[in-house]
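Notes to accompany the following structure.
Each residue takes its place number in the sequence, starting with 1. Below, all heavy atoms of this structure are taken into account, side chains as well, without hydrogens, waters or symmetry copies.
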Amino acid sequence: MTIVATAAQLREAREARAAYRDGLVATTSGVAHGLVQANLIAVPEDWAFETLLFAQRNPKPCPVLEVVEAGVVEPRLAPGADLRTDIPSYRVWRDGELAEEVTDATAAWAEQPLVAFLIGCSFTFEAGLADAGIPIRHQELGRTVPMYRTGRACTPAGRLSGELVVSMRPIPADRVADAVTISGRYPAVHGAPVHVGDPAALGVDLDHPDFGDAPEVRDGEVPVFWACGVTPQAAIMASRPPFAITHAPGRMLVLDVPDAAYAA
(Lines give C-alpha, C1' and ligand atoms only; values in the text may rest on other atoms or scores of the structure.)
Protein backbone atom coordinates (compact mmCIF):
# COMPACT_ATOMS: atom_id res chain seq x y z
CA MET A 1 0.00 0.00 0.00
CA THR A 2 1.32 3.43 -0.94
CA ILE A 3 1.52 5.79 2.03
CA VAL A 4 0.71 9.40 1.17
CA ALA A 5 0.68 12.63 3.13
CA THR A 6 -2.58 14.11 4.35
CA ALA A 7 -3.90 17.33 2.88
CA ALA A 8 -3.01 19.13 6.11
CA GLN A 9 0.56 17.81 6.01
CA LEU A 10 1.01 18.83 2.39
CA ARG A 11 -0.32 22.29 3.13
CA GLU A 12 2.12 22.69 6.02
CA ALA A 13 5.07 21.49 3.93
CA ARG A 14 4.26 23.81 1.05
CA GLU A 15 3.66 26.77 3.35
CA ALA A 16 7.03 26.12 4.98
CA ARG A 17 8.84 25.97 1.65
CA ALA A 18 7.11 29.15 0.52
CA ALA A 19 8.23 30.92 3.67
CA TYR A 20 11.84 29.84 3.14
CA ARG A 21 11.60 30.95 -0.50
CA ASP A 22 10.50 34.35 0.78
CA GLY A 23 13.55 34.61 3.02
CA LEU A 24 12.69 33.03 6.37
CA VAL A 25 15.84 31.57 7.96
CA ALA A 26 15.27 29.08 10.77
CA THR A 27 15.98 25.50 11.74
CA THR A 28 13.51 23.07 10.22
CA SER A 29 13.51 20.72 13.22
CA GLY A 30 9.88 20.17 14.20
CA VAL A 31 8.47 21.65 10.99
CA ALA A 32 5.76 19.67 9.14
CA HIS A 33 5.40 17.00 11.80
CA GLY A 34 5.32 13.53 10.29
CA LEU A 35 6.94 14.43 6.97
CA VAL A 36 10.41 13.55 5.74
CA GLN A 37 13.17 16.16 5.58
CA ALA A 38 16.32 15.97 3.48
CA ASN A 39 19.90 17.17 3.43
CA LEU A 40 21.21 18.53 0.14
CA ILE A 41 24.50 18.25 -1.69
CA ALA A 42 24.78 19.40 -5.31
CA VAL A 43 28.00 18.80 -7.24
CA PRO A 44 29.32 19.25 -10.79
CA GLU A 45 28.53 16.37 -13.13
CA ASP A 46 32.08 15.04 -13.10
CA TRP A 47 31.86 14.58 -9.31
CA ALA A 48 28.40 12.99 -9.30
CA PHE A 49 29.46 9.35 -9.62
CA GLU A 50 31.96 9.63 -6.79
CA THR A 51 29.37 11.37 -4.63
CA LEU A 52 26.88 8.57 -5.25
CA LEU A 53 29.57 5.96 -4.59
CA PHE A 54 30.57 7.73 -1.37
CA ALA A 55 26.94 7.62 -0.27
CA GLN A 56 26.57 3.95 -1.16
CA ARG A 57 29.72 3.07 0.76
CA ASN A 58 28.59 5.13 3.77
CA PRO A 59 24.83 4.51 3.93
CA LYS A 60 24.46 5.26 7.64
CA PRO A 61 25.33 9.00 7.34
CA CYS A 62 24.43 9.31 3.64
CA PRO A 63 21.17 7.47 2.88
CA VAL A 64 20.16 8.71 -0.58
CA LEU A 65 16.46 9.46 -0.97
CA GLU A 66 16.64 10.93 -4.48
CA VAL A 67 19.15 11.92 -7.15
CA VAL A 68 18.10 14.92 -9.23
CA GLU A 69 19.83 15.07 -12.58
CA ALA A 70 21.61 18.11 -13.96
CA GLY A 71 19.29 20.76 -15.34
CA VAL A 72 16.42 19.78 -13.01
CA VAL A 73 15.58 21.70 -9.83
CA GLU A 74 12.20 20.19 -8.93
CA PRO A 75 12.53 16.99 -6.88
CA ARG A 76 10.08 14.14 -7.36
CA LEU A 77 9.65 13.90 -3.58
CA ALA A 78 8.37 17.48 -3.36
CA PRO A 79 6.48 18.40 -6.54
CA GLY A 80 6.48 22.13 -7.13
CA ALA A 81 9.52 22.71 -4.93
CA ASP A 82 12.69 24.40 -6.16
CA LEU A 83 16.02 23.08 -4.86
CA ARG A 84 17.58 26.51 -5.33
CA THR A 85 15.19 28.52 -3.16
CA ASP A 86 13.11 26.34 -0.83
CA ILE A 87 15.70 25.61 1.88
CA PRO A 88 16.13 28.26 4.60
CA SER A 89 19.82 28.77 3.81
CA TYR A 90 22.52 27.30 1.61
CA ARG A 91 26.27 26.96 1.68
CA VAL A 92 28.34 27.57 -1.45
CA TRP A 93 31.70 25.80 -1.45
CA ARG A 94 34.70 26.61 -3.65
CA ASP A 95 37.80 24.41 -3.57
CA GLY A 96 36.66 22.94 -0.27
CA GLU A 97 36.24 26.31 1.42
CA LEU A 98 32.95 27.84 2.51
CA ALA A 99 32.64 30.81 0.15
CA GLU A 100 29.25 32.13 1.22
CA GLU A 101 25.99 31.29 2.91
CA VAL A 102 22.88 32.48 1.07
CA THR A 103 19.11 32.19 1.30
CA ASP A 104 18.73 31.87 -2.48
CA ALA A 105 21.17 29.65 -4.40
CA THR A 106 19.80 30.46 -7.86
CA ALA A 107 22.81 32.50 -8.99
CA ALA A 108 25.36 29.99 -7.75
CA TRP A 109 23.38 27.08 -9.21
CA ALA A 110 23.51 28.72 -12.64
CA GLU A 111 27.32 28.67 -12.75
CA GLN A 112 27.45 25.09 -14.07
CA PRO A 113 25.29 21.97 -14.39
CA LEU A 114 24.82 20.32 -10.98
CA VAL A 115 23.61 16.90 -9.93
CA ALA A 116 21.74 17.10 -6.62
CA PHE A 117 21.49 14.44 -3.95
CA LEU A 118 18.76 14.45 -1.31
CA ILE A 119 19.96 12.58 1.76
CA GLY A 120 17.85 11.38 4.66
CA CYS A 121 17.76 13.56 7.79
CA SER A 122 17.34 12.65 11.47
CA PHE A 123 14.77 15.44 11.84
CA THR A 124 12.41 12.93 10.24
CA PHE A 125 12.42 10.47 13.15
CA GLU A 126 12.21 13.26 15.72
CA ALA A 127 8.45 13.14 15.17
CA GLY A 128 8.44 9.57 16.47
CA LEU A 129 10.53 10.54 19.47
CA ALA A 130 8.21 13.44 20.28
CA ASP A 131 5.11 11.29 19.85
CA ALA A 132 6.59 8.86 22.39
CA GLY A 133 7.15 11.66 24.89
CA ILE A 134 10.92 11.77 24.49
CA PRO A 135 12.12 15.37 24.83
CA ILE A 136 13.83 17.07 21.87
CA ARG A 137 16.04 19.56 23.67
CA HIS A 138 17.07 21.74 20.73
CA GLN A 139 13.40 22.19 19.85
CA GLU A 140 12.57 23.10 23.45
CA LEU A 141 15.29 25.77 23.45
CA GLY A 142 14.75 27.03 19.90
CA ARG A 143 18.26 26.02 18.88
CA THR A 144 19.90 24.09 16.08
CA VAL A 145 20.81 20.49 16.91
CA PRO A 146 24.54 20.14 17.78
CA MET A 147 26.65 18.30 15.20
CA TYR A 148 30.23 17.07 15.51
CA ARG A 149 33.02 15.90 13.22
CA THR A 150 34.24 12.66 14.74
CA GLY A 151 37.49 10.72 14.67
CA ARG A 152 35.87 7.98 12.58
CA ALA A 153 36.83 7.95 8.89
CA CYS A 154 34.22 7.23 6.24
CA THR A 155 34.97 4.76 3.46
CA PRO A 156 36.54 6.78 0.61
CA ALA A 157 35.17 6.85 -2.93
CA GLY A 158 37.54 8.07 -5.61
CA ARG A 159 38.46 11.65 -4.77
CA LEU A 160 35.99 11.88 -1.88
CA SER A 161 36.92 11.10 1.70
CA GLY A 162 36.27 12.54 5.13
CA GLU A 163 35.17 11.80 8.65
CA LEU A 164 31.77 10.83 10.00
CA VAL A 165 29.63 13.68 11.33
CA VAL A 166 27.11 12.96 14.08
CA SER A 167 24.18 14.83 15.61
CA MET A 168 23.54 14.61 19.35
CA ARG A 169 20.38 14.62 21.43
CA PRO A 170 20.43 14.29 25.22
CA ILE A 171 17.99 11.52 26.17
CA PRO A 172 16.74 10.61 29.67
CA ALA A 173 18.59 7.44 30.69
CA ASP A 174 15.37 5.47 31.10
CA ARG A 175 14.27 6.39 27.54
CA VAL A 176 17.48 5.60 25.65
CA ALA A 177 16.30 2.12 24.66
CA ASP A 178 13.05 3.63 23.36
CA ALA A 179 14.95 6.24 21.35
CA VAL A 180 17.13 3.53 19.82
CA THR A 181 14.10 1.42 18.91
CA ILE A 182 12.08 4.30 17.44
CA SER A 183 14.89 5.76 15.33
CA GLY A 184 15.95 2.25 14.28
CA ARG A 185 12.66 1.90 12.42
CA TYR A 186 13.88 4.50 9.90
CA PRO A 187 17.12 3.28 8.28
CA ALA A 188 16.54 5.61 5.31
CA VAL A 189 16.95 8.60 7.62
CA HIS A 190 20.05 7.38 9.56
CA GLY A 191 18.27 4.81 11.72
CA ALA A 192 19.51 3.84 15.17
CA PRO A 193 22.33 5.75 16.91
CA VAL A 194 25.97 5.06 16.15
CA HIS A 195 27.03 5.74 19.74
CA VAL A 196 25.54 6.16 23.19
CA GLY A 197 27.41 7.74 26.09
CA ASP A 198 31.00 8.97 26.35
CA PRO A 199 31.64 11.65 23.67
CA ALA A 200 35.40 11.11 23.96
CA ALA A 201 34.98 7.69 22.36
CA LEU A 202 33.97 9.53 19.17
CA GLY A 203 36.71 12.11 19.54
CA VAL A 204 34.30 15.01 20.08
CA ASP A 205 34.11 17.82 22.64
CA LEU A 206 30.46 17.92 23.66
CA ASP A 207 30.50 21.62 24.57
CA HIS A 208 31.96 22.73 21.24
CA PRO A 209 29.98 21.40 18.27
CA ASP A 210 31.38 21.92 14.78
CA PHE A 211 27.90 22.78 13.49
CA GLY A 212 24.74 23.92 15.24
CA ASP A 213 24.43 25.18 18.81
CA ALA A 214 26.02 23.98 22.03
CA PRO A 215 23.87 21.39 23.84
CA GLU A 216 22.28 21.41 27.25
CA VAL A 217 22.62 18.01 28.90
CA ARG A 218 20.77 17.76 32.21
CA ASP A 219 21.17 15.44 35.17
CA GLY A 220 19.92 11.97 34.39
CA GLU A 221 20.39 12.37 30.64
CA VAL A 222 22.72 10.51 28.31
CA PRO A 223 24.23 11.96 25.12
CA VAL A 224 23.06 9.89 22.15
CA PHE A 225 24.70 10.29 18.77
CA TRP A 226 23.22 9.62 15.33
CA ALA A 227 24.99 9.58 11.96
CA CYS A 228 24.39 12.92 10.26
CA GLY A 229 23.75 14.08 6.70
CA VAL A 230 26.27 16.89 7.17
CA THR A 231 28.92 14.19 6.61
CA PRO A 232 29.17 15.12 2.88
CA GLN A 233 30.12 18.66 3.94
CA ALA A 234 33.01 17.23 5.94
CA ALA A 235 33.99 15.33 2.80
CA ILE A 236 33.90 18.57 0.82
CA MET A 237 36.22 20.20 3.34
CA ALA A 238 38.59 17.22 3.26
CA SER A 239 38.52 16.50 -0.47
CA ARG A 240 38.21 20.03 -1.84
CA PRO A 241 36.09 19.66 -4.97
CA PRO A 242 36.13 22.83 -7.06
CA PHE A 243 32.47 23.63 -6.43
CA ALA A 244 29.46 22.41 -4.45
CA ILE A 245 26.23 23.68 -2.93
CA THR A 246 24.76 22.24 0.25
CA HIS A 247 22.08 23.08 2.77
CA ALA A 248 23.23 24.97 5.85
CA PRO A 249 23.35 22.57 8.81
CA GLY A 250 20.00 22.32 10.58
CA ARG A 251 18.12 23.85 7.65
CA MET A 252 16.63 21.14 5.47
CA LEU A 253 14.35 20.62 2.52
CA VAL A 254 10.87 19.66 3.73
CA LEU A 255 9.46 16.95 1.46
CA ASP A 256 5.89 15.84 0.72
CA VAL A 257 6.50 12.26 1.86
CA PRO A 258 5.27 10.90 5.22
CA ASP A 259 7.94 9.46 7.48
CA ALA A 260 5.83 6.27 7.64
CA ALA A 261 6.75 5.66 3.99
CA TYR A 262 10.33 5.00 5.12
CA ALA A 263 9.54 2.96 8.23
CA ALA A 264 11.12 -0.50 8.13
Side-chain angles (χ1 to χ4, degrees), residues 16-28 37-58 61-121 144 147 149 154 156-163 165 210-212 228-255:
R17 293 196 298 264
Y20 304 140
R21 191 181 309 142
D22 289 341
L24 175 65
V25 178
T27 179
T28 56
Q37 298 193 24
N39 301 272
L40 168 74
I41 176 172
V43 297
E45 291 177 289
D46 65 329
W47 281 78
F49 173 75
E50 285 155 296
T51 302
L52 181 60
L53 189 61
F54 183 83
Q56 289 180 327
R57 289 179 176 174
N58 301 280
C62 305
V64 175
L65 302 180
E66 182 178 348
V67 180
V68 183
E69 62 264 38
V72 178
V73 295
E74 179 183 354
R76 292 181 299 102
L77 296 178
D82 190 322
L83 294 177
R84 304 167 298 180
T85 59
D86 292 2
I87 291 174
S89 54
Y90 300 81
R91 288 184 156 188
V92 180
W93 303 84
R94 301 184 190 278
D95 298 316
E97 301 288 337
L98 179 59
E100 58 181 334
E101 191 162 310
V102 297
T103 58
D104 185 328
T106 302
W109 206 286
E111 292 185 23
Q112 58 184 292
L114 298 175
V115 177
F117 296 82
L118 299 182
I119 292 172
C121 173
T144 299
M147 293 158 275
R149 297 170 70 176
C154 291
R159 294 168 288 179
L160 276 177
S161 62
E163 67 271 80
V165 176
D210 296 285
F211 314 95
C228 180
V230 175
T231 296
Q233 298 188 33
I236 289 172
M237 290 184 270
S239 307
R240 306 181 71 82
F243 187 71
I245 298 174
T246 68
H247 69 291
R251 293 156 170 77
M252 309 296 167
L253 179 66
V254 179
L255 304 178

Problem - Side-chain heavy atoms of Pro232 within contact of Cys62, under 4.5 Å - result: yes
Handout entry: Stepwise side-chain contact (heavy atoms from CB on, under 4.5 Å) test for Ile245 and Trp93
Key = CA-CA 6 Å; Ile245 298 174; Trp93 303 84; over 6 Å; no
Handout entry: Stepwise side-chain contact (heavy atoms from CB on, under 4.5 Å) test for Asp86 and Tyr20
Key = CA-CA 5 Å; Asp86 292 2; Tyr20 304 140; 5.6 Å; no
Sequence neighbours excluded and cut-off under 3.5 Å, please list the side-chain donor-acceptor pairs for residues 112-121, or say none.
none

Completion exercise
Rounded to the nearest 0.5 Å, the OG1 atom of Thr51 sits from the CZ atom of Arg159 at a distance of 8.5 Å
Fill in the blank from the handout: So CG of Asn39 and CD of Gln233: to nearest 0.5 Å the spacing works out to 8.0 Å
Problem - Contact check, side chains of Phe243 and Val92, non-hydrogen atoms, under 4.5 Å - result: yes
Problem - Pro79 backbone acceptor or donor facing Glu74 side chain under 3.5 Å - result: no
Practice task
Measure the spacing between CG of Leu160 and CZ of Phe49 and express it to the nearest 0.5 Å.
Solution key: 11.5 Å
Fill in the blank from the handout: In this structure, CD of Glu69 is separated from CD of Glu45 (nearest 0.5 Å) by 10.5 Å
Problem - Result of checking Val165, Val230, Thr231 against Arg149 for side chain to side chain contact (heavy atoms under 4.5 Å, CB included) - result: Val165
Exercise for the section: Take Asp82 and Arg17, measure what side-chain contact (heavy atoms from CB on, under 4.5 Å) needs, and give me the verdict at the end. Expected result: CA-CA 9 Å; Asp82 190 322; Arg17 293 196 298 264; over 6 Å; no
Handout entry: Euclidean distance, Arg91 CZ relative to Thr246 OG1, rounded to 0.5 Å
Key = 6.5 Å
Practice task
Give a yes or no on whether the backbone of Thr28 and the side-chain of Gln37 come within a donor-acceptor separation of less than 3.5 Å.
Solution key: yes
Handout entry: Minimum heavy-atom distance between Pro88 and Met252, given as atom pair plus value
Key = CD-O, 3.5 Å
Exercise for the section: Return the set of residues passing side-chain hydrogen bond (donor to acceptor under 3.5 Å, both in side chains) with Glu111 (not counting sequence neighbours), or none when no residue passes. Expected result: Arg94
Exercise for the section: Identify the two heavy atoms, one from Thr144 and one from Pro249, that lie closest to each other, and give their separation to 0.1 Å. Expected result: CG2-O, 4.0 Å
Problem - Heavy-atom pair with the smallest gap, counting every atom of Gly250 and Thr27 - result: O-OG1, 3.0 Å
Fill in the blank from the handout: To the nearest 0.5 Å, atom CD of Glu163 lies from atom CE of Met237 at 7.0 Å
Handout entry: Salt bridge flag under 4.0 Å for residues Arg240 and Asp95
Key = no
Practice task
For residues Phe54 and Ser161, report the shortest heavy-atom separation together with the two atoms involved.
Solution key: CE1-CA, 4.1 Å
Problem - Leu253 vs Leu40, side-chain contact (heavy atoms from CB on, under 4.5 Å): CA-CA, chis, key distance, verdict - result: CA-CA 8 Å; Leu253 179 66; Leu40 168 74; 6.0 Å; no
Problem - Side-chain (Glu66) to main-chain (Pro75) donor-acceptor, under 3.5 angstrom - result: no
Handout entry: Closest heavy-atom pair and its distance - Val72, Leu83
Key = O-CD1, 4.5 Å
Completion exercise
Heavy-atom closest pair (Ile87 atom, His247 atom, distance to 0.1 Å) is CG2-CB, 4.1 Å
